[in-house]
Amino acid sequence: MLKEKVAKLLNQQVNKEFFSAYLYLDFSNYYYDHGLEGFGNWYRIQAQEERDHAMLFVQYLQNNGEKVVLESVEKPTVPLSDAKTVLKEGLKHERYVTALIHTIYDAAYGEKDFRTMQFLDWFVKEQGEEETNVENLLKRFELFGDDPKSLYLLDNELAARTYTPPSLVL
């Protein structure tokens, strides 16, 4: 059985991950609406990843005998003024999620909850990868975004991205 503080934070993270999926779906829709289908695809896959992350937290809670408490998922309200701003907001959000994971990890560490720490190790690594991926995409957009041909090529590259669900064994 998990300590109350850790279980509460894990439950809150379920909601945060579902919100992330909503946010990234909103980003995806922005890009599709503006003719950047590759960028739209990239963020649609990000939304799928976040949904699956939420489900991993759900499964972990269930596997540890905890009741999963689902809360309302807020509507994204990030102003989407241009393609570069969307990427910057994506990076900002990934950094926020990293801080949330670290908060749960810290609570688990304080409770000597080594099982939860081990579970969160995958998310710590994943968040590092997520931040790096968005940082690199933003850098590439800053290099090529003003050139229509280069933006076209980058968009086509992002259109080829496919989704592979996480293979984390709980």
Side-chain angles (χ1 to χ4, degrees), residues 9-10 12-32 34 36-60 73-74 76-109 116-170:
L9 289 170
L10 290 166
Q12 289 172 350
Q13 192 63 28
V14 170
N15 183 264
K16 301 292 185 183
E17 296 291 340
F18 279 128
F19 173 79
S20 296
Y22 267 41
L23 180 65
Y24 292 159
L25 187 56
D26 197 36
F27 289 3
S28 175
N29 292 338
Y30 173 86
Y31 284 121
Y32 277 108
H34 288 84
L36 292 170
E37 293 181 5
F39 282 84
N41 176 63
W42 197 85
Y43 266 110
R44 181 179 289 165
I45 289 172
Q46 288 301 109
Q48 291 173 312
E49 285 186 5
E50 301 305 334
R51 178 203 61 218
D52 283 352
H53 293 171
M55 295 307 296
L56 289 170
F57 280 100
V58 166
Q59 187 67 56
Y60 184 76
V73 179
E74 292 182 36
T77 59
V78 174
L80 307 178
S81 56
D82 60 72
K84 184 177 176 181
T85 298
V86 175
L87 294 174
K88 285 183 174 183
E89 289 295 332
L91 179 56
K92 181 178 168 184
H93 187 74
E94 286 299 337
R95 289 176 176 159
Y96 167 71
V97 173
T98 297
L100 293 171
I101 299 295
H102 290 175
T103 297
I104 303 168
Y105 201 100
D106 186 54
Y109 179 78
T116 298
M117 290 166 56
Q118 185 179 32
F119 167 71
L120 292 171
D121 283 342
W122 182 86
F123 288 95
V124 170
K125 181 178 180 281
E126 174 74 5
Q127 281 308 121
E129 292 171 3
E130 294 290 351
E131 286 186 33
T132 298
N133 289 340
V134 179
E135 286 171 347
N136 289 341
L137 182 54
L138 180 57
K139 286 177 189 174
R140 293 174 73 202
F141 186 87
E142 288 172 340
L143 284 171
F144 308 125
D146 291 332
D147 176 50
K149 290 178 185 175
S150 296
L151 182 59
Y152 176 79
L153 292 173
L154 180 56
D155 191 57
N156 279 337
E157 178 184 322
L158 297 176
R161 183 181 184 201
T162 59
Y163 181 62
T164 305
S167 58
L168 182 63
V169 177
L170 301 177

Check this for me: does any side-chain nitrogen of one of Arg44 and Glu37 sit under 4.0 Å from a carboxylate oxygen of the other?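 Judged by the 4.0 Å cut-off on N to carboxylate O distance, Arg44 and Glu37 do not form a salt bridge.
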Excluding sequence neighbours, so at least two apart, what forms ring-ring contact (aromatic ring centres under 6.0 Å, His included) with Tyr152?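 Not a single residue meets the ring-ring contact (aromatic ring centres under 6.0 Å, His included) criterion with Tyr152.
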What heavy-atom pair brings [X] and [Y] nearest, and what distance separates the two atoms?
{"X": "Ala83", "Y": "Tyr30", "value": "N-OH, 3.4 Å"}
{"X": "Ala47", "Y": "Leu25", "value": "CB-N, 3.8 Å"}
{"X": "Asn41", "Y": "Ala160", "value": "ND2-N, 4.4 Å"}
{"X": "Gly145", "Y": "Leu151", "value": "O-CD2, 3.8 Å"}

Residue list, salt bridge (Lys or Arg N to Asp or Glu O under 4.0 Å) with Glu157, at least two apart or on another chain: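 So Glu157 forms a salt bridge (Lys or Arg N to Asp or Glu O under 4.0 Å) with Arg140.
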How far does [atom1] of [X] sit from [atom2] of [Y], to the nearest 0.5 angstrom?
{"X": "Lys84", "Y": "Glu142", "atom1": "NZ", "atom2": "CD", "value": "4.0 Å"}
{"X": "Leu10", "Y": "Phe57", "atom1": "CG", "atom2": "CZ", "value": "6.5 Å"}
{"X": "Glu126", "Y": "Asn133", "atom1": "CD", "atom2": "CG", "value": "8.5 Å"}
{"X": "Phe123", "Y": "Leu56", "atom1": "CZ", "atom2": "CG", "value": "4.5 Å"}
{"X": "Asn29", "Y": "Leu80", "atom1": "CG", "atom2": "CG", "value": "9.5 Å"}
{"X": "Leu138", "Y": "Thr85", "atom1": "CG", "atom2": "OG1", "value": "10.0 Å"}

Could you tell me which residues satisfy side-chain contact (heavy atoms from CB on, under 4.5 Å) with Gln127, sequence neighbours excluded, listed by chain and number?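 Counting only residues at least two positions away or on another chain, Gln127 forms a side-chain contact (heavy atoms from CB on, under 4.5 Å) with Glu94, Val97, Thr98, Ile101, Glu130.
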If the condition is side-chain contact (heavy atoms from CB on, under 4.5 Å), which residues does Lys92 pass it with, not counting sequence neighbours?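 For Lys92 the side-chain contact (heavy atoms from CB on, under 4.5 Å) partners, ignoring immediate neighbours, are Glu89.
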Quick one: does any side-chain atom of [X] pair with a main-chain N or O of [Y] as donor and acceptor, under 3.5 Å?
{"X": "Asn156", "Y": "Gly38", "value": "no"}
{"X": "Ser28", "Y": "Tyr24", "value": "no"}
{"X": "Arg51", "Y": "Ala21", "value": "no"}

Can we call the ring centroids of His93 and Tyr96 under 6.0 Å apart?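 His93 vs Tyr96: aromatic centres under 6.0 Å.
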Checking Thr103 now: which residues fulfil side-chain hydrogen bond (donor to acceptor under 3.5 Å, both in side chains) with it, not counting sequence neighbours?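 Scan of Thr103 (side-chain hydrogen bond (donor to acceptor under 3.5 Å, both in side chains), adjacent residues dropped) gives none.
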My understanding is that only residues two or more places apart in sequence, or in another chain, count here; which of them pass side-chain hydrogen bond (donor to acceptor under 3.5 Å, both in side chains) with Gln12?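 Scan of Gln12 (side-chain hydrogen bond (donor to acceptor under 3.5 Å, both in side chains), adjacent residues dropped) gives none.
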In terms of the angle between their ring planes, are Phe119 and Tyr60 parallel, tilted or perpendicular, with boundaries placed at 30° and 60°?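 The rings of Phe119 and Tyr60 lie parallel, inter-plane angle below 30°.
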According to the interplanar angle, ranging from 0 to 90°, do the rings of Tyr43 and Phe27 count as parallel (below 30°), tilted (30 to 60°) or perpendicular (above 60°)?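 Perpendicular, since the angle between the ring planes exceeds 60°.
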